[in-house]
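Below, each value reflects all heavy atoms present in this structure, side chains not excepted, and no hydrogens, waters or symmetry copies. These numbers were taken from a predicted model, which means no experiment stands behind them.
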Amino acid sequence: MSEYEHTCMIRGDGGRTIRAVLDRICDKWTLLIVVTLEQGRLRFTDLQRQIPGISQRMLTLTLRNLVRDGLVSRTAYAEVPPRVEYALTPTGQSLIAPALALAGWAIEHIAEIEASRAAHGDRDGDRGPA
């Protein structure tokens with residue numbers, strides 16, 4: 001067994017598959033939507049109200065992608081006015097634990113990261129990566 005066989009599943013397609021999945025779940029809004037839906041089924045307006053700063057367009061696009069990827073279900077009710085609810089699928093539910101673990105890691109290490117950023121900016125005038 002290769003020393004790197006467990007990492008990122010790079011073999012085969014050069015990492016394109018795993019990058020596509022990570023690009024989806026690590027975008028600006030996906031994890032916020034997923035964690036918000038952990039409380040149960042929500043209508044579009046309720047989601048938008050509970051996620052500060054998200055525009056109607058970004059919520060629409062992100063939900064569409066999450067439904068397409070099988071992380072969120074969309075249920076439309078034949079009512080007047082129409083009612084649509086969104087909920088996590090079992091696959092979406094399975095994302096909660098890793099998302100919370102990553103958030104916990106960020107909270108645990110934010111002081112170190114901010115100190116490193118400040119030191120890096122002080123050292124080279126915050127020019128960015130070399």
Chi angles and distances behind the side chain to side chain contact (heavy atoms under 4.5 Å, CB included) call for I33, I54: CA-CA 10 Å; I33 292 170; I54 193 167; 4.1 Å; yes

Over all atoms of both residues, closest heavy-atom pair of Q56 and Q48: N-NE2, 3.2 Å

Distance, nearest 0.5 Å, that separates CG of L95 from CG of D69: 11.0 Å

Heavy-atom closest pair, residues V72 and T89: C-CG2, 3.7 Å

In one Ile/Leu/Val/Met/Phe/Trp/Tyr side-chain cluster, 4.5 Å: L102, L32: no

Closest approach of G70 to T91 (non-hydrogen atoms, all atoms of both residues): O-CB, 3.8 Å

Under 3.5 Å: donor-acceptor pair, side chain of S116, backbone of I113: no

Beyond-backbone contact of K28 with M58, side-chain heavy atoms, under 4.5 angstrom: no

Any donor-acceptor N/O pair, T36 side chain to L47 backbone, under 3.5 Å: no

ring-ring contact (aromatic ring centres under 6.0 Å, His included): pairs with one or both residues in residues 70-109, sequence neighbours excluded: W105-H109

Where V34 and G92 come nearest, the two heavy atoms and their spacing: CG1-O, 3.9 Å

Sub-4.5 Å side-chain heavy-atom contact between N65 and D27: no

Where at least one partner belongs to residues 42-61, residue pairs that pass ring-ring contact (aromatic ring centres under 6.0 Å, His included), sequence neighbours excluded: none

Common cluster, L61/V21, ILVMFWY with side-chain heavy-atom separation under 4.5 Å: no

Distance, nearest 0.5 Å, that separates OG1 of T45 from CD of Q50: 10.0 Å

Exercise: identify the closest heavy-atom pair between R43 and P82: NH2-O, 3.9 Å

Side-chain touch L88/L71, heavy atoms, less than 4.5 angstrom: no

Partner residues of R83 under the salt bridge (Lys or Arg N to Asp or Glu O under 4.0 Å) criterion, sequence neighbours left out: E79, E85

Nearest non-hydrogen partners of T30 and I25, listed with the distance: CG2-CA, 3.8 Å

